[in-house]
*Asks:* 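Would you mind keeping the following structure in view while I ask a few things?
Note that ligands are numbered from 1 as they come in the structure, with each ligand's atoms numbered from 1 the same way.
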Amino acid sequence: MSQTFRIPILMYHKVERLNRRSTVQGHYVSPALFRKQMAVLSAMGYSAVPLNSLYNPGAKLPRKPVVITFDDGYVNFLTNALPILRTYKFVSTVFLVANQLGGTNAWDTKHGDVEERLMDVPQILEAKAAGTAFGSHTLDHADLQAVSAAEAWHQIEGSKMKLEKELPFEIDTFCYPYGRKTPEVCDMVKRAGYRLACSTEKGQNTEDTNPFALRRINVRRDTSVPVFAMKLLRGPNHGR
Ligand SMILES: [Zn+2]
């Protein structure tokens with residue numbers, strides 16, 4: 001990351017109308033709101049780039065780059081978000097839970113959340129063909145701060161191996177489930193061969209940001225258009 005830049009990375013989960021029985025209601029951005037947010041992004045002059053273009057020294061970034069990320073790999077990404085992204089010619093990066101391709105958000109349902117479907121391999125390939133990039137979100141959506149070092153390595157390295165076995169492209173980016181990490185965990189991500197990793201720390205990214213702890217702007221159900229625009233205009237180290 002040698003180039004001088006200030007890059008916002010947006011964090012989404014579900015683009016879907018709210019399920020009132022959900023225990024994580026903030027994660028639901030309605031398709032109508034998502035469409036408005038993408039219109040604002042476009043009107044502000046942003047060009048969306050895949051996350052991995054930030055480390056590639058050969059890649060020439062647009063004047064005003066933004067990275068749009070989606071955690072977990074829900075089917076509603078394919079059905080609701082992707083058609084809107086395509087309208088604005090925006091690409092995005094989706095983080096997959098390697099043991100749950102075609103499965104569900106088992107890590108949430110075991111705590112009483114509603115079940116949401118995750119993309120299977122054909123759906124991932126369909127999104128890929130439309131320009132979507134993919135990264136790893138571990139094997140089982142593991143809390144990497146809570147598990148042993150051996151298990152953390154298994155989740156980090158094993159998910160790269162599994163995804164690259166099931167999918168015909170390289171997995172070079174990573175996202176910490178729940179944003180939970182330690183310096184040791186960040187080092188494992190680097191050693192496993194990933195080039196960049198997203199945290200849930202808030203703010204934008206500059207050339208000084210640790211590429212294995214990239215900051216993101218959390219977009220939630222209640223992120224109205226003015227709040228969305230304000231989050232993008234804030235300085236690189238601003239908190240919420
Ligand atoms: Zn997640």
*Asks:* Answer with yes or no after comparing the ring centroid distance for F90 and Y46 against a 6.0 Å cut-off, counting only values under it.
*Replies:* no
*Asks:* Which N, O or S atoms belonging to the protein are less than 2.8 Å from the Zn ion (ligand 1)?
*Replies:* D72 OD1, H137 NE2, H141 NE2
*Asks:* Quick one: name the residues clustered hydrophobically with L118, using the 4.5 Å side-chain heavy-atom rule over I, L, V, M, F, W, Y, and just say none if it's on its own.
*Replies:* Y74, V97, W107, Y178
*Asks:* Are there more than 12 heavy atoms of other residues, nucleotides or ligands under 6.0 Å from atom NZ of K128?
*Replies:* yes
*Asks:* Just wondering, are more than 12 heavy atoms of other shown residues or ligands nearer than 6.0 Å to NZ in K36?
*Replies:* no
*Asks:* Around R17, counting heavy atoms of other residues, nucleotides and ligands shown, do more than 12 lie under 6.0 Å from its CZ?
*Replies:* no
*Asks:* Would you call R195 and E170 a salt bridge, using N to O less than 4.0 angstrom?
*Replies:* no
